[in-house]
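Read the numbers this way: they start at 1 and go in the same order the structure lists the ligands and their atoms. All residue numbers refer to positions in the sequence shown, counting from 1.
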Amino acid sequence: MSDCLFCKIIAGEIPGTFVYQDDRLVVLKDINPQAPLHVLVIPRKHIASLNELTADDDALVGSLFRRAAALAREHGYDQRGYRAVFNTNREAGQTVFHLHLHVLAGRGLNWPPG
Ligand code: AMP
Ligand code: ZN
């Protein structure tokens, strides 16, 4: 996707702070963190949103969530608590249309969310 921000960061065309990478996904520090830990778990494959997932992506989505749990554990938040969330489309506040799992931790996270 030539006009996609996260595709460009993954391709190295735009700078980003990577905290993990493997053959299927990358983890980026969010540029505007909303908690002491705020990273984005992003598949290398361009998928616009949850709405575009197919059964072929099931293993990929599992790996995104397992990476989120690993990050929380590595940062010492697995027992305290953390949130892993996909925003989808306008009313949920999605601004970048390349699937990304937000992982937030390090402060009390309100529920219901705003
Ligand atoms: P969403 O609003 O759910 O689509 O999330 C997009 C996230 O990407 C926001 O939390 C932004 O702060 C973050 N973001 C936007 N541009 C960048 C960038 N260049 N590098 C890292 N994170 C970014
Ligand atoms: Zn993309």
Side-chain angles (χ1 to χ4, degrees):
M1 266 267 163
S2 55
D3 61 347
C4 170
L5 174 65
F6 288 167
C7 282
K8 287 181 178 168
I9 293 175
I10 289 167
E13 295 166 15
I14 291 177
T17 304
F18 292 89
V19 299
Y20 176 87
Q21 320 193 35
D22 65 25
D23 56 335
R24 286 192 288 197
L25 62 87
V26 305
V27 181
L28 269 186
K29 275 193 181 177
D30 197 292
I31 204 168
N32 182 24
Q34 300 301 310
L37 175 68
H38 186 179
V39 294
L40 305 171
V41 184
I42 309 173
R44 290 184 181 277
K45 175 184 174 185
H46 181 89
I47 301 168
S49 81
L50 279 188
N51 289 337
E52 280 69 39
L53 285 177
T54 71
D56 287 345
D57 300 315
D58 285 359
L60 176 61
V61 173
S63 69
L64 301 180
F65 277 113
R66 294 205 327 108
R67 180 49 46 191
L71 287 156
R73 191 167 55 244
E74 286 163 10
H75 287 84
Y77 294 123
D78 53 330
Q79 300 305 312
R80 280 177 62 180
Y82 59 99
R83 188 164 292 160
V85 64
F86 292 106
N87 294 325
T88 303
N89 280 344
R90 178 172 47 85
E91 289 197 353
Q94 186 176 7
T95 58
V96 178
F97 288 84
H98 178 133
L99 194 71
H100 51 283
L101 183 59
H102 291 262
V103 182
L104 298 132
R107 65 171 175 84
L109 298 166
N110 295 333
W111 194 264

With a 4.0 Å cut-off on heavy atoms, is [X] in contact with ligand 1?
X   : value
K29 : yes
I9  : yes
G93 : yes

Task: R66 side-chain N/O to V61 backbone N/O, donor-acceptor pair under 3.5 Å - done: no

Open item on the list: I'd like to know if the side chain of Q34 and the backbone of N32 have a donor-acceptor N/O pair within less than 3.5 Å.
Closed with: yes

Nearest 0.5 angstrom please: [X] [atom1] to [Y] [atom2], how far?
X    : Y   : atom1 : atom2 : answer
R67  : R24 : CZ    : CZ    : 10.5 Å
H100 : S49 : NE2   : OG    : 10.5 Å
L104 : R83 : CG    : CZ    : 7.5 Å
I9   : I42 : CD1   : CD1   : 6.5 Å
L60  : L99 : CG    : CG    : 7.5 Å

Task: Min N/O separation F6 to ligand 1 under 3.5 Å - done: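 No.
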
Closest non-hydrogen protein atom to [atom], residue and atom name please, with distance?
atom                    : result
atom 4 (O) of ligand 1  : T95 N, 2.7 Å
atom 16 (N) of ligand 1 : L5 CD2, 3.4 Å
atom 22 (N) of ligand 1 : I31 N, 3.2 Å
atom 10 (O) of ligand 1 : D30 OD2, 2.5 Å

In terms of atom number and element, which parts of ligand 1 are under 4.0 angstrom from non-hydrogen atoms of [X]?
X   : result
L40 : 8 (O), 22 (N)
N87 : 3 (O)
N32 : 12 (O)
V96 : 4 (O), 6 (C)

Task: Nearest option to atom 5 (O) of ligand 1, as decided by whichever heavy atom of H98, H38, H100 sits closest - done: H100

Open item on the list: Among the N/O/S atoms of H98, which is closest to the Zn ion (ligand 2)? Give the atom name.
Closed with: ND1

Task: Apex the Zn ion (ligand 2) - arms SG from C4 and ND1 from H46 - angle rounded to 10° - done: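 With the Zn ion (ligand 2) as the vertex, the angle is close to 110°.
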
TODO: Would you tell me whether Q79 and R73 have side-chain atoms, one donor and one acceptor, within less than 3.5 Å of each other?
DONE: no

- [ ] Assign the ring pair H102 / H38 to parallel, tilted or perpendicular, where the plane angle (0 to 90°) is split at 30° and 60°.
- [x] tilted

Task: Step-by-step salt bridge (Lys or Arg N to Asp or Glu O under 4.0 Å) determination, D57 to K45 - done: CA-CA 10 Å; D57 300 315; K45 175 184 174 185; 2.6 Å; yes

